[in-house]
Amino acid sequence: MKLEIRGVTKTFQSKNGALTALDAIDLDVQPGEFVCLLGPSGCGKSTLLNIIAGLDAPTRGQVRVEGKIVTRPGPDRVMIFQSAALFPWLSVFDNVKFGLNMIGVPKPARQVIARKYLQMVHLADFERASVHELSGGMKQRVAIARALAADPDVLLMDEPFGALDAQTRDLLHDELQTIWTETRKTIVFVTHNVREAVVLGDRVVVFSARPGRIKKIFTIDLPRPRQIESYAVVDLAREIMAELKEDVLASVHDPQVSWLQGMEAQRVGDDVL
Amino acid sequence: MKLEIRGVTKTFQSKNGALTALDAIDLDVQPGEFVCLLGPSGCGKSTLLNIIAGLDAPTRGQVRVEGKIVTRPGPDRVMIFQSAALFPWLSVFDNVKFGLNMIGVPKPARQVIARKYLQMVHLADFERASVHELSGGMKQRVAIARALAADPDVLLMDEPFGALDAQTRDLLHDELQTIWTETRKTIVFVTHNVREAVVLGDRVVVFSARPGRIKKIFTIDLPRPRQIESYAVVDLAREIMAELKEDVLASVHDPQVSWLQGMEAQRVGDDVL
Amino acid sequence: PGVVRFGYFPNITHAQAVIGIADGTFARALGDNVKIDPKIFNAGPSAIEALFAGQLDLTYIGPNPAINGYVKSKGEALRIIAGATSGGAVLVVRSDAGITSPADFRGKKIATPQLGNTQDVAARAWLMNQGFKLKEQGGDTQVIPIANPDILTLFQKKEIDAAWVPEPWGARLVREANGKIFLDERELWHATRGEFVVAHVIVSTKFLKANPELVKKFLVAHVELTQRINAEPTSAKLKLNTEIQRLTGAALPTAILDDAWSRQTITYDPIRASLYGSADAAFKLGFLGDTMPNLDNIYDLTLLNQVLKEKGLTVVQ
Amino acid sequence: MVSRVFQNTLARKLIFFAALIAVWQTLAWSGWWAEYIFPSPLGVAQTLARGFQNGTFVVGIATSMQRLLIGFGISAIIGILSGLAIGRSKVLDETIGSLVLGLQTLPSICWLPLALLWFGLSETAMLFVVVMGALLAITTATEAGVKNTPPLYLRAARNLGARGWKLYALVIFPAALPEIITGMKLGWSFAWRSLMAAELLYVSLGLGHLLMMGRELNDMSQVVAVMLVIIAIGLVVDRVIFAPIETRVRERWGLI
Amino acid sequence: MVSRVFQNTLARKLIFFAALIAVWQTLAWSGWWAEYIFPSPLGVAQTLARGFQNGTFVVGIATSMQRLLIGFGISAIIGILSGLAIGRSKVLDETIGSLVLGLQTLPSICWLPLALLWFGLSETAMLFVVVMGALLAITTATEAGVKNTPPLYLRAARNLGARGWKLYALVIFPAALPEIITGMKLGWSFAWRSLMAAELLYVSLGLGHLLMMGRELNDMSQVVAVMLVIIAIGLVVDRVIFAPIETRVRERWGLI
Ligand SMILES: Nc1ncnc2c1ncn2[C@@H]1O[C@H](COP(=O)(O)OP(=O)(O)OP(=O)(O)O)[C@@H](O)[C@H]1O
Ligand SMILES: Nc1ncnc2c1ncn2[C@@H]1O[C@H](COP(=O)(O)OP(=O)(O)OP(=O)(O)O)[C@@H](O)[C@H]1O
Ligand SMILES: [Mg+2]
Ligand SMILES: [Mg+2]
């Protein structure tokens with residue numbers, strides 16, 4: 001499915017005044033494309049995903065999915081939230097089956113599909129556990145299984161691998177790439193890990209600090225499957241990194257932390273995380 | 001303050017039977033030492049921190065702080081939770097002041113201290129915001145400020161930088177190192193980022209997969225301040241990585257994912273994270 | 001003591017109390033250094049509770065709660081010291097219920113204000129005398145105890161056919177719900193020449209023992225009020241109604257007041273025989289427990305008779 | 001393990017209530033007040049024994065429980081459904097919601113004349129009063145539970161395609177369940193109170209009637225005996241029905 | 001912006017209630033039922049006007065409100081404190097907690113004799129009945145709120161050194177606040193109901209008394225007029241006191 005994001009601006013009203021989280025975002029995501037969003041904390045990445053999901057309305061502008069303006073959520077666009085957002089009243093297994101139930105998959109099939117994805121995230125042993133019995137990373141993996149099981153056309157992933165150890169994350173990177181190659185879902189993937197973005201994305205969209213604007217879009221032409229340690233990935237990541245750094249420094253306008261700038265200076269050659 | 005962890009075992013009873021999260025952990029943390037805990041998701045890192053904090057009781061064994069057995073939480077050991085755990089009924093500012101209030105810091109001083117730490121995490125502009133108005137990374141930063149403001153002797157940090165972009169994280173790494181060098185707090189730091197562990201820790205304790213056991217302890221003798229891109233750090237991280245990888249593969253006993261092992265084989269040279 | 005805690009209900013059967021409090025008769029009779037603390041109740045049991053709890057010294061009240069209070073306290077708590085009102089209970093039938101003779105009550109529903117109260121007992125006794133079996137005994141005539149206001153509603157809705165009620169409800173059923181008086185209860189009390197107690201005055205035993213002079217002063221006023229009301233019923237009714245309006249927010253329509261008044265007598269005679277008669281009937285119907293309570297000492301009429309003698313009036317038994 | 005805990009709990013409770021009764025009996029013996037003012041435990045025990053022997057209490061309990069269960073069942077169903085509706089719809093909240101809240105403040109006794117008028121002298125009139133008593137409490141609590149549902153759950157569910165009744169049944173309802181249970185507990189006691197009021201309607205064999213008779217006859221030991229029966233039933237219902245549900249829900253939600 | 005929303009809300013509400021009254025008047029005119037069985041809006045309006053003109057309603061409202069406010073205030077304070085205590089202590093929960101739940105099922109009318117006994121025929125007796133009515137609802141709700149507090153908040157607070165009263169005042173209480181507010185709303189209506197029962201105790205000028213008088217006199221328009229006054233007060237209290245608090249709390253907690 002094709003996503004067209006046109007002039008999306010989001011301003012939050014709160015008692016301390018208005019806060020513009022996103023400022024006139026224009027972005028097209030082609031059907032089957034894997035787009036990664038990168039940007040400093042609080043620049044509006046989650047907000048943009050929410051708007052695409054139809055969970056929030058933009059203040060101005062619009063998002064179209066296959067030409068139709070998004071007004072509400074639908075099972076064609078499933079989001080993995082930054083906090084796992086599992087339902088505490090359901091077991092792990094039932095959480096994963098939830099989306100299947102919503103889109104009317106018959107019961108026996110639900111079992112099979114749910115089990116498959118739980119195995120994929122290495123939590124087959126925990127299918128009967130309660131949500132509060134899981135560790136942080138385990139919760140996030142259940143959320144990933146729940147979203148993948150629902151098999152939507154568009155996957156919106158908000159730092160899904162943030163709470164995982166490097167190894168588990170690498171395994172899931174591979175899984176995700178396999179799924180994507182096979183099913184050609186449209187994926188919008190938020191991460192704060194530049195190299196993750198380069199490994200996974202067809203394009204990497206870099207946001208500026210608040211108010212979030214698109215600063216630069218990198219097209220990643222590297223052949224797949226990509227290796228996280230390949231020189232090409234590392235080089236590209238480094239380039240994007242430099243771009244981002246500049247922005248972070250801009251956002252640190254605070255005199256008290258101005259020493260940071262000096263410190264940063266000597267770290268320009270910094271490797272990508 | 002000195003921490004002595006002696007034969008700590010934690011077994012959770014749940015309706016699906018018992019689950020041993022930690023198995024006979026022995027570890028001494030010297031006063032002013034910076035110890036990093038590394039291990040696969042669900043291996044009991046958070047559980048161990050909870051036990052040190054006095055929030056959970058071990059099934060067997062005990063934790064001593066300065067020789068005194070821990071039976072309950074105290075403001076001398078402050079934890080930063082994996083999920084920020086901010087109080088939604090308090091503003092950002094009041095959240096940061098909470099711990100100061102608890103330990104009886106007078107009002108005017110609270111203001112000053114809270115403001116200082118909010119500036120440090122770059123959220124000075126958000127002091128009057130509600131918790132739900134923050135992005136994921138911002139919440140985590142408030143939690144960090146809250147814990148640092150309380151100025152405990154022992155800091156227990158559970159993946160505090162997991163939700164942050166690389167730049168913000170690097171800045172906070174520097175801050176943390178500065179604070180630690182100045183105040184010589186005892187810090188136990190959980191992370192899934194091997195290189196982060198190497199940059200920050202005096203020692204890196206590597207856990208095996210569930211049931212969590214200490215697999216190996218690496219002493220990091222590199223001079224400080226350490227650079228995340230220095231060869232020494234990268235090399236050490238690579239070594240630890242190899243150690244960990246073996247364990248992840250052991251935990252993947254599931255036949256359905258056995259192909260992973262083949263895939264992993266070709267990635268032995270994998271860079272850290 | 002300096003205070004007499006004095007209970008009454010704002011209704012027409014407590015005429016002496018309502019008027020006497022309003023025009024200060026009681027206050028004058030008891031003297032300057034005694035304060036009257038009036039307490040107004042809506043129902044007998046609350047008044048008895050208050051008396052039990054030591055919160056009430058003297059009150060106007062119906063015969064049933066008095067008997068209950070006496071029996072429950074094993075004769076300790078209270079004494080009846082004077083009568084107040086007699087009569088004022090009727091059996092009303094719905095005009096369109098097709099009841100013209102006692103035999104027509106077969107299969108009908110008769111409402112009474114409260115299970116085991118005077119009217120309820122009277123209704124049950126009367127129906128059984130007519131040879132009916134009540135529903136709970138396997139018959140088909142039904143006695144339904146239900147609050148007076150609801151009787152009116154149900155009459156209007158034709159859910160019940162007849163009601164044995166005190167005044168002014170009899171008068172109201174006639175005027176407002178198309179009822180017709182089938183029987184005035186006075187007709188049943190041949191032995192007491194048509195008199196039967198509907199309200200009297202009780203006093204807590206403790207108070208009576210401690211302050212006989214005060215009780216006597218009260219009784220003087222009570223007797224005077226009774227005479228005055230009977231001598232000038234028109235102005236008494238007017239005063240009564242004004243006071244009811246003040247206490248309850250609404251006056252009785254004059255027609256209803258007049259009608260109801262015509263079926264009751266204001267008297268200081270407690271009509272002892274009627275109380276025993278209705279206690280007997282109540283016991284037979286199973287309302288007073290397993291053994292017939294001994295009511296011998298429920299009356300203490302010495303002071304009343306002293307007062308009557310001093311005034312040259314005939315003493316009561 | 002579980003049975004040990006249970007035994008301890010039981011033991012603690014028995015001791016607590018035994019102590020309460022002992023204090024009460026001692027005070028009664030001390031002669032502070034006359035037996036007819038407030039009965040002694042022994043007097044109450046006698047009344048209880050008599051009531052159960054001659055069957056009046058048994059009939060009373062059976063009659064009241066039947067009314068209560070039917071009335072409460074109706075209230076629970078309607079209350080939860082309307083609470084779910086009101087909690088999610090601004091328009092309903094502003095119209096029916098405020099009406100419900102207003103009606104809620106009306107004492108049950110206000111409903112008696114209307115119930116008589118609409119339903120006559122029937123069980124239905126009594127049920128109506130019970131329902132009016134319990135319904136609004138359950139509605140209010142459900143509504144509050146719905147409003148207090150963390151928005152994240154709603155977002156996650158809607159995002160996975162939950163809509164319409166499925167959203168209500170599978171997300172909003174379970175998310176609000178802890179509060180709904182509190183509401184049901186309150187509703188249960190509202191239902192009792194209303195039933196007592198309703199049993200004033202006309203003589204009806206129920207416990208409320210027994211209570212009223214005790215009061216009418218100034219028989220305090222009957223009043224207290226019926227109060228004890230009511231408390232006992234309340235506790236049994238709580239322990240046997242509400243407490244296990246509450247515990248299970250809390251465990252499930254990770255609130256323990 | 002805020003006032004626009006407010007106006008809309010108000011408009012919607014006015015329309016809703018106007019429509020209700022219109023339907024009622026139409027039905028009354030249609031002659032489905034006689035005026036004496038159920039009054040028409042016009043009849044009620046007349047009674048209301050009269051009641052306010054001659055002051056009886058004003059006095060009734062003032063008297064009842066005073067009792068209610070004092071009684072509710074006492075209940076709120078004691079109820080919240082005891083709910084906080086019971087919610088956190090297993091022993092208290094098993095002893096006093098179950099007693100509270102049992103007592104809660106007792107209709108207010110049961111308390112009248114005891115109130116008389118303990119406090120005599122005084123305002124205190126009336127307050128006692130009101131307090132017994134509202135207290136238990138507030139206690140139960142607070143207790144539930146405490147038990148439903150996400151353990152994470154407790155852990156975070158204890159971890160920062162919160163203990164004793166500070167833990168209660170600064171963490172448990174605010175965390176339970178949304179449920180406590182629901183409890184207060186219910187307690188408020190319990191208080192009303194109990195007050196009506198208490199005002200039957202003896203003639204006492206309050207609204208409950210006016211209601212009873214209407215009933216005694218079968219003056220249905222007085223009954224309905226008083227009911228309307230009660231509903232109106234209920235709504236005003238809800239809109240002016242509870243709703244703003246509720247909204248603020250929800251906003252603060254991010255529940256909107
Ligand atoms: N409900 C809300 N009310 C007010 N402000 C909000 C709200 N949600 C988000 N914001 C603000 O919008 C900005 C962007 O938030 P968003 O969650 O989209 O950031 P993000 O890019 O996802 O950051 P992170 O990487 O830290 O998760 C932040 O400054 C935040 O404070
Ligand atoms: N309350 C609980 N009840 C039952 N099991 C639990 C509970 N808390 C944790 N566990 C289990 O204990 C194990 C260790 O959990 P813990 O949260 O300590 O892991 P972790 O090392 O912090 O993992 P992560 O990196 O994913 O956060 C997990 O398998 C988890 O399922
Ligand atoms: Mg985010
Ligand atoms: Mg963890």
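These values consider heavy atoms only, across backbone and side chains, with no hydrogens, waters or symmetry-generated copies. Only a predicted model underlies this, so the values are computations on that prediction, with no experimental measurement involved. Order of the sequence lines sets the chain letters (A, B, ...), proteins ahead of strands, with each chain counted from 1.
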Under 4.5 Å from any heavy atom of chain D, what part of I233(E) do you find: side chain, backbone, both or neither?
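Neither part.
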Measuring heavy-atom distances to chain D, does L211(E) have an atom under 4.5 Å in its side chain, in its backbone, in both, or in neither?
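Contact with chain D: side chain only.
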In terms of heavy-atom pairs under 4.5 Å with chain D, which of G183(E), P178(E), A232(E), A243(E) leads?
P178(E)
Chain E heavy atoms under 4.5 Å from L152(D): which part of the residue, side chain, backbone, both or neither?
neither
With a 4.5 angstrom heavy-atom cut-off, which part of S194(D) approaches chain E: side chain, backbone, both or neither?
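Answer is side chain: those atoms of S194(D) sit under 4.5 Å from chain E.
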Just so I know, are the side chains of L207(D) and M65(D) near enough to count as touching, which here means a heavy-atom distance under 4.5 Å?
no
Separation of T139(E) OG1 from I180(E) CD1 (nearest 0.5 Å)
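With rounding to 0.5 Å, CD1 (I180(E)) is 10.5 Å from OG1 (T139(E)).
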Can you label the angle between the F190(D) ring and the F190(E) ring as parallel, tilted or perpendicular, going by 30° and 60°?
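It falls in the parallel class, under 30°.
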Test applied, side-chain contact (heavy atoms from CB on, under 4.5 Å); reference residue, V146(E); option that passes from I172(E), L154(E), I86(E):
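Of all the options given, the one that passes is I172(E).
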Judged by atom type as modelled, is there a donor-acceptor pair below 3.5 Å linking the side chain of Q222(D) to the main-chain atoms of L210(D)?
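Yes.
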